[in-house]
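Numbering of ligands and ligand atoms starts at 1, following listing order. No hydrogens, no waters, no symmetry mates; every other heavy atom, side chains included, goes into these values. Small disclaimer: the values here were computed from a predicted structure and weren't measured.
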Amino acid sequence: MPDIVLATLNAKYIHASFGLRYLLANLGPLRSRTQLLEFDINPRPGDIAEALLAQKPRIVGLGIYIWNVAPTTEVVAILKRIRPDLIVILGGPEVSHETGPQEIVRLADYVITGEADLKFAEVCGQLLERGTPLNRPDGHPLPIGWGEGRGEGLPKIIPAPLPDFAQLTLPYGFYDAQDIAHRILYVEASRGCPFSCEFCLSSLEVPVRAVELPTILNALQRLLDRGAKQFKFVDRTFNLSVPTSRAILEFFLERHQPGNFYHFEMIPDRLPDALREVIARFPAGTLQFEVGIQTFNPQVAALISRRQDYARLADNFHFLRAHTGVHLHADLIVGLPGETVASFGAGFDQLIALRPQEIQVGILKRLRGTPIVRHDAEWEMVYNPQPPYEILQTKLIDFATMQSLRRFARYWDLVGNSGNFVETTPLIWSGGASPFHSFRHWSDWLYARVQRTDAIALSRLMESLFIFLTGEIQLAPKFAAETMWRDYQRGGRRDPPEFLREFLTATDAPRTRDRAAPLKRQARHLAAGENAGLAMPPRLANVRPDV
Ligand code: B12
Ligand code: SF4
C-alpha cells in the first residue's frame, strides 16, 4: 500500500493531470511509495473518497483547480470525517491565493502554494519521517518548524519557492501507454508570462523560465517514439522566444506523421517572418493556435493592463488564413471593466472579419489572486461567489443583459464553433447586418423557443435554425436546406433529417441509412475548405432574401 496518494479531479477524462505528474517525477526516494489516482469531476465525492481511502495512505495530496474545488471540498470533508489521522495536503492554482476564507483550506492539514514540484517532496519527507520506517536512522534533529500545521511545527500554508527547470525532473515518463493513446498530452517549454493582463493568473507568474532546448526536444522525441500524436503546449506565450518556438516547430515538422496535431497558445501580434515561414510549411489542420485577444476596445485593454497592437494582430490573422492551414481559435471576454454591449459587439464583428475557425466567447471570471478586483468599485463589478466566479453584472451591462450574452456564448459554441454549421452560420447574418447583432437575435429567439442552453439534440438545434433562417430572416427554404445539408454531410452523416427532406432533390439527398462516424470538430472546419473561416462567403452577399 502506498504511503502517499496524489490525486486530482480533471475537467474531463481526456485531460491528463500534468501538474501531478511533475510532483510525482520529483518525489525522489518517495516516488516508489506514491500512487497517482486521477478522476474526473463526474463521480460522486463519496466514491472518490472511498477509492482514496482504499489505498490506506498516510498522506493524500490533492490538486485543486477552479473546475474541481467544489466537489473536492466534499471529498476532503469525507476523508477527514472517516480518517481524522490522514494528512491532507492541498496545492494548485485555486488554493495558491486568498486561502483565508476557503472551506477546503480549513478542512485540510497543509496547503503548499505555487509551483510545488520540489516542495511537495520536501514536506512529505518531513511528515513521513516521524515514527515511520523513514524515521531518521542517523539521529539527526527533526527539521525546524516540523509539525506545526497539526500543532507540531510546519506552518499550515507553505509557500513553494519558484523552482528552476534545471532543478526539475521532467514528468513525461509518467504518461503511460493509455495516456499516450487516449488523452491530451500536456507539455511545456516554459513557465510564466511577462505580460500583466489583470484577469489572468499567469500575470502573477513572473519571471518566465524556459526548459533547456535540447532537454525539451529530447523529451518530445521520446514521446514521439512511444507513439504520441497530439501535443498541447501549456506555455502561456509560446511565441515569446522566436528562436525557441521556431526550433520546436522545425522539430515537429521534420518528424511529422499523418494524424499528428500540435496546439500552442500564442500572443496575436508577434509573428515575425522566421515563424511565418515554418508555420506555412505545416500540412493543413495539423497546427492549432489559441490566440487570446479578449477585447478590441483599446480603452478596456488599457484598463486591464493588456498591451496589444491591433494592426499587427490583423496582419497576422490575414497571413495565417491566407497562407497557412493553421486552425485558429481566438478568445474574447464578455464583461471586462469598461466594456459595453456595443463595444463588445463591435469587437466580435471585427474578429469575424478576421475569419478564425473558432471564437471562444468567455465570460469574465474573477480568479483568486488576480488584480482585476481593483476595478470592482468603480465599474460596479458583481461576480458569482461560486466557482467559476463569473461576472453577473457591471456598471455597463445589467444582469438580464449579461444572461443574454451568456446564452450567446453558449449558443455560439454549439453553432459557430462546433463545426456542424460551418456554411450555415454566416447565413444568420447574410442580410449584411452585424454578425453580433444577428447572432444575438438568433440566440434570444432560440432561448425563447427551447428555454435551455444545454442538452439540445443536434436535430432539434438544426430544425430550430432552419425555422429561424426561413421564418425570422426569410431565406429561401431550398437554399437554407441545401446549405444545412452540406454541413450535415461534412460531419460524415448520410441520412438527412426529416424536416429537410422535402426541400432537397433526390440527388441532394441519397436517402441511405449508412451512417459514417461523425468527424471531429477541427476536421469539419477543415473539410469546409475555403469557407472554413467565419466571415460571410462573398457569394452570400447576393443570396438574400430569395434565391
Ligand atoms: C490544461 C488547462 C486546462 C484544461 C483542464 C486540465 C485538467 N487537468 O483537467 C482545460 C482546457 C479543460 C481547462 C479549462 C479551464 N481552465 Co484551465 N488551464 C489549463 C492550463 C493551460 C495548464 C495546466 C497545467 O498543466 N499547468 C502546468 C502545471 C505544471 O502547473 P499546475 O497545473 O498549475 O501545477 C503546479 C501547481 O499548481 C502545483 N500543484 C498542482 N497540483 C498540486 C497538488 C498538490 C498536492 C500540490 C502540493 C501542488 C500542486 O504544483 C504543480 C507543479 O508546479 C492552465 C494554465 C497553465 N499554463 O498552467 C490553465 C488554468 C489552470 N485554467 C484556468 C481556468 C480559469 C480555466 C477555465 C475556467 C477557463 C475558461 N474556460 O474560462 C476552464 C474551466 C474548465 C471547467 N470545466 O470548468 C486557470 C486556473 C484558475 C484556477 N484557480 O484554477 C489557469 C491557471 C489559467 C490562467 N492563467 O488563468 N484548463
Ligand atoms: S492573458 Fe495571456 S498574455 Fe495576458 S497575462 Fe495571461 S497568459 Fe500572459
When the ring planes of [X] and [Y] are compared, do they come out parallel, tilted or perpendicular, using 30° and 60° as the limits?
X	Y	result
Y175	F18	parallel
F165	Y22	tilted
Y447	Y411	tilted
W412	F439	perpendicular

Please tell me if [atom] is touched by the protein, where touching means a protein heavy-atom distance below 4.0 Å.
atom	value
atom 85 (C) of ligand 1	no
atom 23 (C) of ligand 1	no
atom 35 (C) of ligand 1	no
atom 40 (C) of ligand 1	yes
atom 91 (N) of ligand 1	yes
atom 44 (C) of ligand 1	yes
atom 81 (C) of ligand 1	yes
atom 73 (C) of ligand 1	no

Which residue from [options] reaches closest to [atom] through any of its heavy atoms?
atom	options	value
atom 4 (C) of ligand 1	Y389, F18, F120, Y186	Y186
atom 14 (C) of ligand 1	F233, W67, Y110	W67
atom 52 (C) of ligand 1	D40, D117, L9	D117

Contact between [X] and ligand 1, counting heavy atoms under 4.0 Å?
X	answer
R236	yes
G114	yes
Q360	yes
R191	yes

For the 3.5 Å polar cut-off, considering only N or O atoms, please tell me whether [X] and ligand 1 meet it.
X	result
A116	yes
Y65	yes
K232	no
I66	yes
S17	no
N10	yes
V234	yes
E265	no
K12	no

Residues [X], [Y]: salt bridge by 4.0 Å N-O rule:
X	Y	answer
E390	R406	yes
K80	D85	no
D117	R191	yes
R236	E205	no
R183	E38	yes
K232	E265	no

Ligand 1 contact on [X] by region, counting heavy-atom pairs under 4.0 Å:
X	answer
A11	both
L20	side chain
L23	side chain
L201	both
K119	neither

For [X] and [Y], which I'm curious about, is there any donor-acceptor pair between the side chains at under 3.5 Å?
X	Y	result
H15	Y186	yes
T8	N68	yes
S245	N239	no
E198	H375	yes

Proximal ligand 1 atoms for [X], defined as those under 4.0 Å from one of its heavy atoms:
X	result
E115	53 (O)
L62	43 (C), 44 (C), 45 (C)
G63	41 (N), 42 (C), 43 (C)
C200	89 (N)
S202	89 (N)
G61	45 (C)
I89	45 (C)
L367	65 (C), 90 (O)

Under a 4.0 Å heavy-atom limit, does E265 contact ligand 2 with its side chain, its backbone, both, or neither? neither
Taking atom CD as the centre, does E212 end up with more than 12 heavy-atom neighbours from other residues, nucleotides or ligands that are less than 6.0 angstrom away?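 Open.
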Please report which non-hydrogen protein atom sits nearest to atom 2 (Fe) of ligand 2, along with the residue it belongs to and the distance in Å to one decimal place.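 Atom 2 (Fe) of ligand 2 sits closest to the protein heavy atom R306 NH1, 4.3 Å.
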Test item, Q294 contacting ligand 2 (heavy atom, 4.0 angstrom):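 The answer is no, since Q294 has no heavy atom less than 4.0 Å from ligand 2.
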What count do you get for protein N/O/S atoms less than 2.8 Å from atom 6 (Fe) of ligand 2? 1
Could you go through E115 and R209, starting from their C-alpha distance and side-chain angles, then the distance that decides it, and tell me whether this counts as salt bridge (charged side-chain N to carboxylate O under 4.0 Å, His left out)? CA-CA 12 Å; E115 296 175 25; R209 289 142 293 142; 2.8 Å; yes
